[in-house]
Amino acid sequence: MLEIEKTQGLGMTSLRTRQRLVERLTEKGIKDVRILEAMRDTPRHLFLDEALSSRAYEDLALPIGYQQTISQPYIVAKMTEILIEDKKLEVQPIEKALEIGTGCGYQAAILSKFSKTVHTLERIKALHDKAVINLKNLKIRNVKLIFDDGSEFQGRSDKYDAILFAAAPLEVPSYFLDKLSMGGRLIAPVGGKDRQNLTLIQKIGKDKYETKILDQVLFVPLLEGKIE
Ligand code: SAH
């Protein structure tokens, strides 16, 4: 981290600001030390336009262009914490993760710390391209960025032990459930554009799933089609 601080010329102020974000996340109920460290060590300011980078460590969703946002740190921390909560003792608890809605790549960067492999899909080419650069600059190599429509992701046979929606579907398409490996977890904001239920679905047996509603959240909607 210090290396990144130096190259960005941000010095100690930024370290203090990041520490404050960690305090804020702790107050809001994030407990997993692995998550708090990942949130502290990931330079969120590098995912934002320079004009907004001074606000990067506030616990806010912020615009990234194309009417999309970088998710609020608390939500990123919470969703990731839930995906790894039953694997407390493992350093890299997720074998293969899938994210729908890369945006600028921040959530994918956090997921990459806990996963051997991450696949992430984005339907807007310009954001996909931006995220490719962001992750390359951070030397993150275990994330495969795919320019594609997540709602059309039926064809592939990969199984995932963690699936995260960063955009809200009205319902979770059933073929995503088929993509979960045994014990695998899917987390998604489910509902219309005004408010959604943060929903956790776990595969507990052959064709058997357990669903829990965790919270009320507000994400951008999952939309169909690609934008070149
Ligand atoms: N993961 C981001 C949040 C991005 S916002 C972060 O780390 O902050 C959600 C993103 O989902 C937007 O970039 C939007 O373009 C994308 N999205 C919406 N519908 C999609 C779809 N069907 N397939 C892929 N990406 C989609």
Side-chain angles (χ1 to χ4, degrees), residues 21 25 35 38-39 41-49 52-53 55-83 97-115 118-138 140 143-156 158 160 162-176 179 186-193 196 198 217-228:
L21 173 62
L25 297 176
I35 299 286
M39 299 301 292
D41 295 347
T42 304
R44 190 171 183 252
H45 62 281
L46 299 184
F47 291 83
L48 290 162
D49 284 344
L52 285 171
S53 63
R55 310 195 65 188
Y57 299 96
E58 293 174 30
D59 190 25
L60 292 174
L62 293 166
I64 54 172
Y66 312 90
Q67 296 176 322
Q68 306 303 323
T69 52
I70 184 171
S71 297
Q72 182 192 357
Y74 168 70
I75 288 291
V76 170
K78 180 81 189 159
M79 287 172 95
T80 315
E81 185 176 52
I82 289 163
L83 288 176
L98 171 67
E99 180 192 28
I100 308 298
T102 316
C104 58
Y106 177 65
Q107 170 76 72
I110 299 287
L111 270 177
S112 78
K113 300 204 177 211
F114 302 104
S115 313
V118 180
H119 290 172
T120 180
L121 272 77
E122 174 55 54
R123 67 182 278 274
I124 301 176
K125 181 75 164 61
L127 285 176
H128 162 82
D129 291 345
K130 234 187 201 177
V132 168
I133 293 169
N134 288 340
L135 296 188
K136 194 163 175 232
N137 286 342
L138 292 176
I140 294 174
V143 178
K144 185 173 171 194
L145 298 109
I146 304 163
F147 169 51
D148 205 351
D149 175 358
S151 55
E152 292 272 321
F153 199 56
Q154 297 199 47
R156 300 171 193 244
D158 304 54
Y160 297 93
I163 300 178
L164 183 155
F165 279 68
L170 289 172
E171 276 177 68
V172 176
S174 63
Y175 58 85
F176 278 105
K179 293 194 173 298
L186 178 153
I187 190 157
V190 181
K193 68 173 169 21
Q196 304 112 24
L198 187 62
V217 288
L218 188 59
F219 279 72
V220 295
L222 190 80
L223 299 172
E224 284 179 16
K226 292 196 275 182
I227 300 181
E228 291 280 349

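Just follow the structure's listing: the first ligand is 1, and inside any ligand the first atom is 1.
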If you measure from atom 20 (C) of ligand 1 to every heavy atom of E224, R123, K226, Q107, which option wins on shortest distance?
R123
Mind checking whether A108 contacts ligand 1 via backbone (N, CA, C, O), side chain (CB onward), both or neither, at a 4.0 Å heavy-atom cut-off?
neither
Any donor-acceptor N/O pair, T69 side chain to L62 backbone, under 3.5 Å
no
Applying a heavy-atom cut-off of 4.0 Å, say which part of T102 lies close to ligand 1: side chain, backbone, both or neither.
backbone
Relative to the heavy atoms of Y106, which atoms of ligand 1 are at a distance of less than 4.0 Å?
7 (O)
So is G150 polar-close to ligand 1, meaning N/O to N/O under 3.5 Å?
yes
List ligand 1 atoms under 4.0 Å from I70, heavy atoms only on the residue side.
8 (O)
Top protein contact for atom 4 (C) of ligand 1, by heavy-atom distance
T69 O, 3.3 Å
Are the side chain of Y175 and the backbone N or O of S151 linked by a donor-acceptor pair below 3.5 Å?
yes
Minimum-distance protein heavy atom relative to atom 19 (N) of ligand 1:
L223 N, 3.0 Å
Please say whether more than 12 non-hydrogen atoms of neighbouring residues, nucleotides or ligands are located less than 6.0 Å from OH in Y66.
no
Tell me every residue that passes side chain to side chain donor-acceptor pair (under 3.5 Å) with E81, counting only those two or more places apart in sequence or in another chain.
none
Suppose I only count heavy atoms of S151 and a 4.0 Å limit; which atoms of ligand 1 are within that range?
22 (N)
Please answer whether the main-chain N or O of E224 pairs with a side-chain N or O of R123 as donor and acceptor at a distance below 3.5 Å.
yes
Per-atom contacts, ligand 1 versus D148 - under 4.0 Å to a heavy atom:
23 (N), 24 (C)
Testing the basics here: between M79 and F219, what is the closest heavy-atom pair and its distance to 0.1 Å?
SD-CZ, 3.7 Å
Which of the atoms in ligand 1, numbered in the order shown and given with their element, are less than 4.0 Å from a heavy-atom of I124?
15 (O)
Hey, would you say the F176 and F165 ring centroids sit under 6.0 Å apart?
yes
Give me the residue, atom name and distance of the protein heavy atom closest to atom 12 (C) of ligand 1.
Q68 OE1, 3.3 Å
Shortest non-hydrogen pair, P73 vs M39, comes out as O-CE, 3.4 Å
Proximal candidate to atom 6 (C) of ligand 1 [heavy atom criterion; set S71, G225, A61]:
S71
Residue list, side chain to side chain donor-acceptor pair (under 3.5 Å) with H128, at least two apart or on another chain
none
Looking only at heavy atoms, the pair that brings K113 and D41 closest together is NZ-CB, 3.9 Å
For atom 16 (C) of ligand 1, what's the nearest protein heavy atom and its distance?
E122 OE1, 3.4 Å
Could you tell me, atom by atom, which parts of ligand 1 come under 4.0 Å of a heavy atom of P221?
18 (C)
For L127, the ligand 1 atoms whose distance to one of its heavy atoms is below 4.0 Å
13 (O)
L60 and R44: which non-hydrogen atoms are nearest, and at how many Å?
O-NH2, 2.7 Å
Heavy atoms from other residues, nucleotides or ligands near CG of D49 exceed 12 (cutoff 6.0 Å):
no
Closest protein heavy atom to atom 11 (O) of ligand 1, given as residue, atom name and distance to 0.1 Å:
G101 CA, 3.1 Å
In the protein, what heavy atom is nearest to atom 9 (C) of ligand 1, and what distance, to one decimal place, separates them?
A166 O, 3.3 Å
Under 4.0 Å from any heavy atom of G103, which atoms of ligand 1 are there?
4 (C), 13 (O)
